[in-house]
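To keep things clear, I will list the structure first and then write my remarks on it.
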Amino acid sequence: MTFINKLKDFAVKSPWLYRINGGSCNGCDVELATTACIPRYDVERLGCQYCGSPRHADIVLITGPLTRRVLDAARRVYDEIPDPKVTVAVGVCPISGGIFRESYAVCAPIDQYFPVDVNVPGCPPRPQAIIEGVAKAIAIWRQRL
Amino acid sequence: MTSQIATLLAVLLFPGGLFALVLGLALKGADRRVAARLQGRVGPPLIQPFFDLIKLGFKRTMVPTEASETVFLAAPLVGSVAMLISAALIPIAGVYAPDTELGNLLVLLYLLAVPGICLMLAGSASGSPYGAIGFSREMALMLAYEGPIVLIVAAVGMRTGMAEGHWVTFSLTEIVRYQQVHGWFLFDPIMWPAVAAFAFFYPANLGIVPFDIPEAETEVLEGPLLEYSGPALGLFKVMSALKAVVVLGLGIALFLPLPFTGPLAFVGWLVEIVVLMLVGVTALRVSAGRMRIDQAFVFFLKWPLLLAIASVAAVALAAGGAS
Amino acid sequence: MTADPQLSKVSTIPVGPLHVALEEPMYFRIDVDGEDVTGVDINAGHVHRGVEYLTMKRTMTQNVVLTERICSLCSNSHPETFVMAAEVIAGITIPDRAAYLRVVAAEVKRVASHLFNVAILAHLTGYEMLFMHVMQVREVAQDLKETVFGNRMDLAAMCIGGVRYNLDAEMTAYMLGALDKLEPEVQSIIKTYKTNGSILRRTRGVGVIAKDEAIAVGCVGPVARAAGIDYDVRVVAPYAAYDKLRVPVPVMKDGDVWSRAMVRLYEVAHSIQILRECLKDMPGGAINLGERPDIPAGRAVAKCEAPRGELIYYLKTNGEEIPERVKWRVPSFMNWDALHFMFKGAKIADIAIIVNSIDPCVSCTER
Amino acid sequence: MNFLTLFARNLWHGPYTDVFPFGPATTPEHLRARITFDPKQCEGCRLCEKVCPAGAIRFTRTPGGMTFDCWHATCVFCGTCEFYCPTKAVKQSNDWHLAHEQGEKYAQVEHGLIPNQICVECGAKALDTSPAVSHIKPPLSETEVSELRARCPKCRNKYLRSRKTS
């Protein structure tokens, strides 16, 4: 058992990230791209890696207020992510709908549709805040492995 | 019986199997770390590929509903096993020489084609349109680079074989032994076209930028690997790690085997392969952009093929002049 | 060139709506013959959040912030044009200092937006090191925004009757320092994009749109300027303080992906010059009119040059706090149609590069 | 710039990576993040509630007075409330550590209570708000402000009127 636990401790050092854009204004997405790719924040230090396919993902970051049009696509992609996975809502839009809350075209808050684990408020959140959220998500992911 | 056990050990432990796997993953880790440094980042720890592999072991493998399950799951397995065996065929100068029955360049060439074919099968079996594009691109790329490598190998074989008194040899052990006595082919002007052609071959075979076209993430999402997850994806990672060892090991055996024996030779070989990985793969990978498949195809028909033909001609002429 | 007989017939591949190469959900159905693109069907609406409806639920003050959230990459141009329209209706002239501060906010956003676009171009060609380098340079602009305005994307600089932020001597010195850091880097990036083989190989002659085609579909912004159309709202119809500033307009002839990238890079360099000039000439005085001005009934149209091109706002008020109608035409809407011309003879590998080259802002277009 | 120069530069300079999350992160002074509310300074004009574009700010009448709630899960951090607040009771701090687990989602609130008080003059129950004193000439002294504060809105008007005549 301890051996398995040890292995799991190693496994959490490799959280692969995938982002679902639920109709966001780009702000959070640009910040995610910034967080993911540029030398200044370098999430690869934590073993994180952005992957192109949902099937490779461990931590899924959802941005945007989840428009009606994108809802089905987002759910389909979400289901393609193999378990165990952790969901992070990035920005205020997925958490509550933010400024678009009252619109007819918006399905937020997303916790009606996806089991959200971590919220990162901000409009958009700074990259450091996103990293903080990802760190929280990794801790949750360890328990689920 | 003992020779069979020795072969089994060679495939499973050293220099194939466990050793090649650990070395391959370590090479990948070093590659990522150094690439990060070149890009001005800290980068992941050296043993990151091991973490990735352990992680993938804990995940579920999902088989898409449109996929043909047997082929989908068999492809990564076959690819990894083929690479495991070919790792045992690579001689390490002064440390390990493969069984003469096994250590044949032609067998190695066939085995080297297997991962590509597996990727193609994986792409077409996954039932995704991106997998299909990945399939066609992998096929085109293989057609482009398989020609030159056969000619390169023939040139090296002829150079050794003619000097040894017969027409051509396909025994890697013999090629290594010849160079240990007569010096590296890398410094032999007649072999320079072959060296240059090989320098174009290995990035394509390893699937790194600028020739990572079948798996281009931003174009076809990861192509054949798109639908893979969990342990099956892990097997593909194992395959590519082993492939790095095999291809670079082949390069060392063909052009620059060390003339030492014993532990020094082993350490020397490790240094060689790490340097090749960092200079030949990492630096290239981060300093170039991707080619388009049609550009790559034309490029391969032009330069490496010409160079490979030139190398065979040069070897033949040199032999003719000498005799 | 096709390797597999199965694929030699035309097949359809879906791109998106959630695709790693696309920053935003966008759905293309692409007919391909092997690697060649034979037809494109763009299917829009995934980012429709009903913002136009929401503008008619919010007061004028709230709308300044709401329009900022239409799109984060041109997040300054939307509120700027909106408040310009409101000021036309109310007959307000903003203080001189506010006009200059508006230019500062707009140009800082332009620098960051253009650098992001050219960085993504490098990413799409698989040239990771250049991508990271450009993004790292962009961080200077991001830091500038965060330090001066308080947020990395949404500046919250505009209010009806002026601006909401002020620059003291310390901030001005900081900005000049950041510009000094930025300028040589931008010059070296321009040189790289001009000479680097990897970039040139993938962008020269790709996604070409001719001048007459660009006029026919009504291209605006860098897309138009890269096709040889000399049109920039900052020069044609100066607003804010642009009539007092020298605004060079880079124009190129080829109309391919590379020209568009180069136009953007030159504009970054020019924006830095404009910023310097602004900071040097910055007049003193008030930064806004103080209270929240009443907007009488009326109609107005305002336009400005967003990073992506000409942005037009129509505003109709009826004397109440909530506007009767707000409607805007975004630059990406005009450039969108140009994609049909650009996709002619393209390869699958070029799709993402071409789409990125018009710097599509889907969230602006679909609101 | 050619890639070799860039290689050399990156290797020479070392990584550009920030130490965060393994060390402190730099935070600019003017960063617009968590909203703070000081009920002592609030004038009770509810302008922030009115201008908030996301509807994140709510004032509620309770038996104990008037409560202020700013929901950080809805707030878009635009700073409009701070900009329009006449007494600077609502402020935007630069504390950006807002990431939280889902269980704490409904605890992300900045809460404040403007308590009721008894008017010293007429004995009526009224809110203990900060009086709006910026436009009064000549400026009020500190004792005058505290006297004004202890009164209900009606008596405040009376107090100011009597002050003008004197």
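All values derive from a computational prediction rather than experimental measurement. Chain identifiers are assigned alphabetically (A, B, ...) following the order of the sequence lines, protein sequences preceding nucleic acid strands; residue numbering begins at 1 within each chain.
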Whether A:Y104 and C:H48 hold their rings parallel, tilted or perpendicular, with breakpoints at 30° and 60°: tilted

Region of A:T63 in contact with chain C, defined by heavy-atom distances below 4.5 Å: neither

Selection from A:G27, A:S103, A:P127 maximising heavy-atom pairs under 4.5 Å formed with chain C: A:S103

Candidate pair C:E107 and C:R110, rule salt bridge (charged side-chain N to carboxylate O under 4.0 Å, His left out), full reasoning: CA-CA 5 Å; C:E107 296 304 322; C:R110 196 184 314 277; 3.2 Å; yes

Which atoms of A:P65 approach chain C - backbone, side chain, both or neither, heavy atom under 4.5 Å: side chain

Contacting moiety of C:V51, where chain A heavy atoms sit under 4.5 Å: side chain

Side-chain ion pair, C:R152 and C:E139, N-O less than 4.0 Å: yes

More than 12 heavy atoms from other groups under 6.0 Å of OH on A:Y78: yes

Check ion pair C:R325-C:E52 (N to O, under 4.0 angstrom): yes

Geometric class of the C:Y313/C:H78 ring pair [parallel <30°, tilted 30-60°, perpendicular >60°]: perpendicular

Chain A contact via C:I70 - side chain, backbone, both or neither, heavy atoms under 4.5 Å: backbone

Option that, when pairs with chain A are counted at under 4.5 Å, heavy atom only, ranks first among C:R138, C:K57, C:Q62, C:R58: C:R58

Side chain / backbone / both / neither for A:C28 at chain C, heavy atoms under 4.5 Å: neither

